[in-house]
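Chain identifiers are assigned alphabetically (A, B, ...) following the order of the sequence lines, protein sequences preceding nucleic acid strands; residue numbering begins at 1 within each chain.
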Amino acid sequence: MSRLILLDNEAVQALADPEHPKHRRALSHIQVVARRKARQIPIRVAVPTGVRVEAGYSRTEATNAFLGRLRVSDVPLDTATANVAADIVSRAAVSVADAHLGAVMQMVANEQLTVITSDPDDMRAVAGTAGVTVVVI
Amino acid sequence: MEPPHALDRINELLDSADAETANTSMRIPIALRQAATLAVEELGAAPSTTALTTAALRATLEALVMQAALDHHYEQHPQARPSLADLAIAAARLDTHPLAVEPERIRRAAIEIVALHPDADPDDVLLWAEAQAFVSA
(Lines give C-alpha, C1' and ligand atoms only; values in the text may rest on other atoms or scores of the structure.)
Protein backbone atom coordinates (compact mmCIF):
# COMPACT_ATOMS: atom_id res chain seq x y z
CA MET A 1 0.00 0.00 0.00
CA SER A 2 1.32 3.45 -0.85
CA ARG A 3 1.57 6.14 1.75
CA LEU A 4 0.26 9.70 1.76
CA ILE A 5 1.75 12.29 4.10
CA LEU A 6 -0.33 15.40 4.63
CA LEU A 7 0.93 18.73 5.96
CA ASP A 8 -0.98 21.10 8.20
CA ASN A 9 -0.62 24.89 8.30
CA GLU A 10 2.38 25.02 10.62
CA ALA A 11 4.13 22.17 8.81
CA VAL A 12 3.86 24.17 5.57
CA GLN A 13 5.11 27.32 7.25
CA ALA A 14 7.95 25.46 8.96
CA LEU A 15 9.08 23.87 5.70
CA ALA A 16 8.81 27.08 3.73
CA ASP A 17 10.79 29.29 6.08
CA PRO A 18 14.41 28.35 6.93
CA GLU A 19 14.21 30.71 9.91
CA HIS A 20 11.13 28.99 11.36
CA PRO A 21 11.99 27.37 14.72
CA LYS A 22 10.61 24.04 13.51
CA HIS A 23 12.18 24.15 10.04
CA ARG A 24 14.83 21.50 10.62
CA ARG A 25 12.40 19.25 12.44
CA ALA A 26 9.86 19.45 9.64
CA LEU A 27 12.58 18.97 7.05
CA SER A 28 13.76 15.80 8.83
CA HIS A 29 10.51 14.10 7.91
CA ILE A 30 10.76 15.20 4.28
CA GLN A 31 14.33 13.90 4.15
CA VAL A 32 13.10 10.52 5.40
CA VAL A 33 10.48 10.56 2.65
CA ALA A 34 13.18 11.34 0.07
CA ARG A 35 15.29 8.41 1.26
CA ARG A 36 12.30 6.11 0.98
CA LYS A 37 11.45 7.36 -2.48
CA ALA A 38 15.02 6.61 -3.49
CA ARG A 39 14.37 3.03 -2.35
CA GLN A 40 11.31 2.94 -4.64
CA ILE A 41 8.92 2.87 -1.68
CA PRO A 42 5.59 4.38 -2.82
CA ILE A 43 5.19 7.50 -0.71
CA ARG A 44 4.11 11.06 -1.46
CA VAL A 45 3.63 14.35 0.37
CA ALA A 46 0.65 16.63 -0.23
CA VAL A 47 -1.00 19.71 1.16
CA PRO A 48 -4.72 20.47 0.89
CA THR A 49 -5.17 23.77 -0.93
CA GLY A 50 -7.23 25.12 2.00
CA VAL A 51 -4.19 24.64 4.20
CA ARG A 52 -2.03 26.49 1.69
CA VAL A 53 -4.46 29.40 1.77
CA GLU A 54 -4.37 29.54 5.57
CA ALA A 55 -0.57 29.35 5.50
CA GLY A 56 -0.44 32.17 2.93
CA TYR A 57 1.64 29.97 0.67
CA SER A 58 1.27 30.84 -3.01
CA ARG A 59 3.13 28.70 -5.49
CA THR A 60 3.37 31.68 -7.87
CA GLU A 61 5.80 33.47 -5.54
CA ALA A 62 9.36 32.84 -6.67
CA THR A 63 10.48 32.64 -3.06
CA ASN A 64 8.05 29.77 -2.51
CA ALA A 65 9.58 27.31 -4.96
CA PHE A 66 10.98 25.00 -2.30
CA LEU A 67 7.82 22.98 -1.61
CA GLY A 68 7.32 22.39 -5.31
CA ARG A 69 10.89 21.20 -5.67
CA LEU A 70 10.23 18.78 -2.80
CA ARG A 71 7.38 17.30 -4.86
CA VAL A 72 4.77 18.44 -2.33
CA SER A 73 1.57 18.32 -4.36
CA ASP A 74 -1.80 20.02 -3.86
CA VAL A 75 -5.06 18.32 -2.92
CA PRO A 76 -7.75 20.61 -4.35
CA LEU A 77 -11.06 21.39 -2.66
CA ASP A 78 -13.49 19.92 -5.16
CA THR A 79 -17.26 19.63 -4.70
CA ALA A 80 -17.25 16.27 -2.91
CA THR A 81 -14.41 17.27 -0.61
CA ALA A 82 -16.10 20.61 0.15
CA ASN A 83 -19.26 18.78 1.24
CA VAL A 84 -17.34 16.57 3.66
CA ALA A 85 -15.32 19.56 4.89
CA ALA A 86 -18.50 21.56 5.49
CA ASP A 87 -19.88 18.71 7.62
CA ILE A 88 -16.65 18.70 9.62
CA VAL A 89 -16.85 22.46 10.23
CA SER A 90 -20.43 22.07 11.47
CA ARG A 91 -19.57 19.16 13.73
CA ALA A 92 -16.13 20.07 15.06
CA ALA A 93 -16.02 23.88 14.77
CA VAL A 94 -12.54 23.85 13.26
CA SER A 95 -10.96 26.11 10.65
CA VAL A 96 -11.66 25.62 6.95
CA ALA A 97 -8.07 24.47 6.50
CA ASP A 98 -8.35 21.79 9.18
CA ALA A 99 -11.72 20.73 7.80
CA HIS A 100 -10.16 20.34 4.35
CA LEU A 101 -7.43 18.19 5.92
CA GLY A 102 -10.07 16.10 7.67
CA ALA A 103 -12.07 15.68 4.48
CA VAL A 104 -8.99 14.45 2.65
CA MET A 105 -8.27 12.00 5.48
CA GLN A 106 -11.81 10.68 5.37
CA MET A 107 -11.97 10.40 1.58
CA VAL A 108 -8.61 8.91 0.74
CA ALA A 109 -8.81 5.23 -0.05
CA ASN A 110 -6.06 2.70 -0.57
CA GLU A 111 -3.34 4.87 0.93
CA GLN A 112 -1.84 4.73 4.40
CA LEU A 113 -2.33 8.19 5.92
CA THR A 114 0.01 10.30 8.01
CA VAL A 115 -0.39 13.95 8.97
CA ILE A 116 2.45 16.18 10.10
CA THR A 117 0.97 18.77 12.43
CA SER A 118 1.48 21.02 15.40
CA ASP A 119 -2.06 20.38 16.60
CA PRO A 120 -2.67 16.67 17.12
CA ASP A 121 -5.98 17.14 18.96
CA ASP A 122 -7.55 19.01 16.04
CA MET A 123 -6.23 16.43 13.59
CA ARG A 124 -7.76 13.58 15.56
CA ALA A 125 -11.01 15.53 15.80
CA VAL A 126 -11.28 16.02 12.04
CA ALA A 127 -10.03 12.56 11.04
CA GLY A 128 -13.28 10.89 12.12
CA THR A 129 -12.93 7.15 11.76
CA ALA A 130 -10.04 7.39 9.30
CA GLY A 131 -6.91 5.62 10.44
CA VAL A 132 -4.28 8.32 10.55
CA THR A 133 -0.78 8.41 12.01
CA VAL A 134 -0.35 11.81 13.66
CA VAL A 135 3.22 13.12 13.72
CA VAL A 136 3.70 16.19 15.89
CA ILE A 137 6.31 18.81 15.03
CA MET B 1 21.29 25.48 -16.46
CA GLU B 2 21.52 26.23 -12.70
CA PRO B 3 20.45 23.29 -10.51
CA PRO B 4 17.24 24.98 -9.24
CA HIS B 5 16.17 25.80 -12.79
CA ALA B 6 16.86 22.26 -13.91
CA LEU B 7 14.86 20.97 -10.94
CA ASP B 8 11.96 23.27 -11.73
CA ARG B 9 11.98 22.19 -15.36
CA ILE B 10 12.12 18.48 -14.46
CA ASN B 11 9.25 19.01 -12.02
CA GLU B 12 7.23 20.79 -14.70
CA LEU B 13 7.77 17.88 -17.04
CA LEU B 14 6.92 15.32 -14.36
CA ASP B 15 3.72 17.20 -13.51
CA SER B 16 2.72 17.71 -17.12
CA ALA B 17 -0.54 16.08 -18.13
CA ASP B 18 0.91 15.65 -21.62
CA ALA B 19 0.24 12.03 -22.51
CA GLU B 20 2.04 12.24 -25.82
CA THR B 21 4.47 9.38 -26.18
CA ALA B 22 7.60 8.93 -28.24
CA ASN B 23 9.45 5.95 -29.55
CA THR B 24 12.93 6.17 -28.14
CA SER B 25 16.23 4.81 -29.28
CA MET B 26 17.07 4.02 -25.65
CA ARG B 27 18.96 0.76 -25.57
CA ILE B 28 17.88 -1.55 -22.78
CA PRO B 29 19.82 -4.73 -21.97
CA ILE B 30 18.01 -7.73 -23.44
CA ALA B 31 18.05 -9.63 -20.15
CA LEU B 32 16.53 -6.66 -18.31
CA ARG B 33 13.79 -6.34 -20.89
CA GLN B 34 13.03 -10.06 -20.64
CA ALA B 35 12.94 -9.81 -16.84
CA ALA B 36 10.50 -6.91 -17.11
CA THR B 37 8.31 -8.87 -19.53
CA LEU B 38 8.21 -11.81 -17.14
CA ALA B 39 7.40 -9.51 -14.20
CA VAL B 40 4.47 -8.10 -16.14
CA GLU B 41 3.17 -11.36 -17.56
CA GLU B 42 3.75 -13.68 -14.63
CA LEU B 43 3.70 -11.41 -11.58
CA GLY B 44 1.26 -8.74 -12.75
CA ALA B 45 3.75 -6.03 -11.81
CA ALA B 46 2.16 -3.54 -14.22
CA PRO B 47 -0.27 -3.51 -17.15
CA SER B 48 2.64 -3.55 -19.62
CA THR B 49 6.42 -3.41 -19.75
CA THR B 50 6.09 0.17 -20.95
CA ALA B 51 4.00 1.04 -17.88
CA LEU B 52 6.48 -0.73 -15.62
CA THR B 53 9.43 1.09 -17.18
CA THR B 54 7.67 4.44 -17.08
CA ALA B 55 6.65 4.06 -13.43
CA ALA B 56 10.17 3.07 -12.40
CA LEU B 57 11.69 5.97 -14.33
CA ARG B 58 9.20 8.43 -12.81
CA ALA B 59 9.88 7.18 -9.29
CA THR B 60 13.61 7.45 -9.84
CA LEU B 61 13.34 10.97 -11.24
CA GLU B 62 11.06 12.10 -8.39
CA ALA B 63 13.54 10.77 -5.84
CA LEU B 64 16.45 12.43 -7.62
CA VAL B 65 14.70 15.79 -7.85
CA MET B 66 13.64 15.69 -4.22
CA GLN B 67 17.10 14.85 -2.94
CA ALA B 68 18.73 17.42 -5.24
CA ALA B 69 16.33 20.08 -3.91
CA LEU B 70 17.19 19.12 -0.35
CA ASP B 71 20.93 19.12 -1.06
CA HIS B 72 20.67 22.55 -2.66
CA HIS B 73 18.69 23.79 0.34
CA TYR B 74 21.33 22.42 2.74
CA GLU B 75 24.03 24.25 0.78
CA GLN B 76 22.09 27.50 1.14
CA HIS B 77 21.07 26.85 4.76
CA PRO B 78 23.58 24.52 6.44
CA GLN B 79 21.80 24.85 9.78
CA ALA B 80 18.73 23.22 8.22
CA ARG B 81 20.48 19.91 7.53
CA PRO B 82 19.02 17.29 9.90
CA SER B 83 21.45 15.21 11.93
CA LEU B 84 21.43 11.42 11.80
CA ALA B 85 19.57 11.45 15.12
CA ASP B 86 16.99 13.90 13.75
CA LEU B 87 16.36 11.58 10.80
CA ALA B 88 16.10 8.51 13.00
CA ILE B 89 13.59 10.27 15.27
CA ALA B 90 11.59 11.42 12.25
CA ALA B 91 11.61 7.89 10.81
CA ALA B 92 10.46 6.50 14.16
CA ARG B 93 7.60 8.99 14.34
CA LEU B 94 6.48 8.35 10.77
CA ASP B 95 6.47 4.60 11.42
CA THR B 96 5.00 4.81 14.94
CA HIS B 97 8.05 2.92 16.13
CA PRO B 98 7.84 2.04 19.87
CA LEU B 99 10.94 4.16 20.53
CA ALA B 100 9.40 7.24 18.93
CA VAL B 101 8.45 8.37 22.43
CA GLU B 102 12.08 8.10 23.56
CA PRO B 103 13.96 10.59 21.38
CA GLU B 104 16.83 10.87 23.85
CA ARG B 105 17.47 7.13 23.60
CA ILE B 106 17.55 7.48 19.82
CA ARG B 107 19.97 10.42 20.06
CA ARG B 108 22.30 8.36 22.28
CA ALA B 109 22.07 5.45 19.85
CA ALA B 110 23.00 7.73 16.95
CA ILE B 111 26.12 8.90 18.76
CA GLU B 112 27.09 5.35 19.67
CA ILE B 113 26.55 3.78 16.27
CA VAL B 114 28.37 6.50 14.35
CA ALA B 115 31.44 5.81 16.47
CA LEU B 116 31.39 2.22 15.17
CA HIS B 117 29.82 2.71 11.75
CA PRO B 118 30.33 6.21 10.32
CA ASP B 119 28.01 5.45 7.37
CA ALA B 120 25.10 4.33 9.53
CA ASP B 121 21.66 5.37 8.34
CA PRO B 122 18.50 6.18 10.36
CA ASP B 123 17.28 2.58 10.20
CA ASP B 124 20.61 1.42 11.66
CA VAL B 125 20.17 3.91 14.50
CA LEU B 126 16.69 2.61 15.32
CA LEU B 127 17.87 -0.98 15.23
CA TRP B 128 20.76 -0.12 17.55
CA ALA B 129 18.46 1.81 19.89
CA GLU B 130 16.04 -1.12 19.96
CA ALA B 131 18.85 -3.55 20.73
CA GLN B 132 20.12 -1.32 23.54
CA ALA B 133 16.61 -1.02 24.96
CA PHE B 134 16.24 -4.81 24.84
CA VAL B 135 19.55 -5.35 26.61
CA SER B 136 18.76 -2.85 29.34
CA ALA B 137 15.20 -4.15 29.90
Heavy-atom proximity to chain A below 4.5 Å, by part of B:Q79: both

Within 6.0 angstrom of B:I30 CD1, more than 12 heavy atoms from elsewhere: no

A:V32 versus B:A90, closest heavy-atom pair with distance: CG2-CB, 3.9 Å

Euclidean distance, A:I30 CD1 relative to B:Q67 CD, rounded to 0.5 Å: 12.0 Å

Gap separating the CZ atom of A:F66 from the NE2 atom of B:H77, nearest 0.5 angstrom: 8.0 Å

Single-linkage hydrophobic cluster, 4.5 Å side-chain cutoff, A:V72 and A:V108 together: yes

Nearest heavy atoms of A:L27 and B:A80, plus distance in Å: CD2-O, 3.7 Å

Salt bridge flag under 4.0 Å for residues B:D86 and A:R24: yes

Derivation of the side-chain contact (heavy atoms from CB on, under 4.5 Å) call for A:H23 and B:H73: CA-CA 12 Å; A:H23 180 66; B:H73 188 70; 2.8 Å; yes

CG on B:L70 to CD on A:Q31, rounded to 0.5 Å: 5.0 Å

Segment of A:R36 engaging chain B (4.5 angstrom heavy-atom cut-off): side chain

Proximity breakdown for A:Q40 and chain B, heavy-atom pairs closer than 4.5 Å: side chain

Gap separating the CZ atom of A:R71 from the CE atom of B:M66, nearest 0.5 angstrom: 9.5 Å

Evaluation steps, side-chain contact (heavy atoms from CB on, under 4.5 Å), between A:I5 and B:L94: CA-CA 9 Å; A:I5 297 184; B:L94 287 171; 3.9 Å; yes

Shortest non-hydrogen contact from A:S28 toward B:L87: O-CD2, 3.6 Å

Over 12 foreign heavy atoms within 6.0 Å of CZ, B:R33: no

Full working for side-chain contact (heavy atoms from CB on, under 4.5 Å) between B:I89 and A:R25: CA-CA 9 Å; B:I89 291 167; A:R25 187 166 182 171; over 6 Å; no

Contact class of B:D71 relative to chain A, heavy atoms under 4.5 angstrom: neither

Closest non-hydrogen atom pair between B:R93 and A:V135, with its separation: O-CG2, 3.5 Å

In one Ile/Leu/Val/Met/Phe/Trp/Tyr side-chain cluster, 4.5 Å: A:L7, A:V53: no

Atom pair NZ/OG1 of A:K37 and B:T60 - distance to nearest 0.5 Å: 10.5 Å

Euclidean distance, A:S73 OG relative to B:L14 CG, rounded to 0.5 Å: 12.5 Å

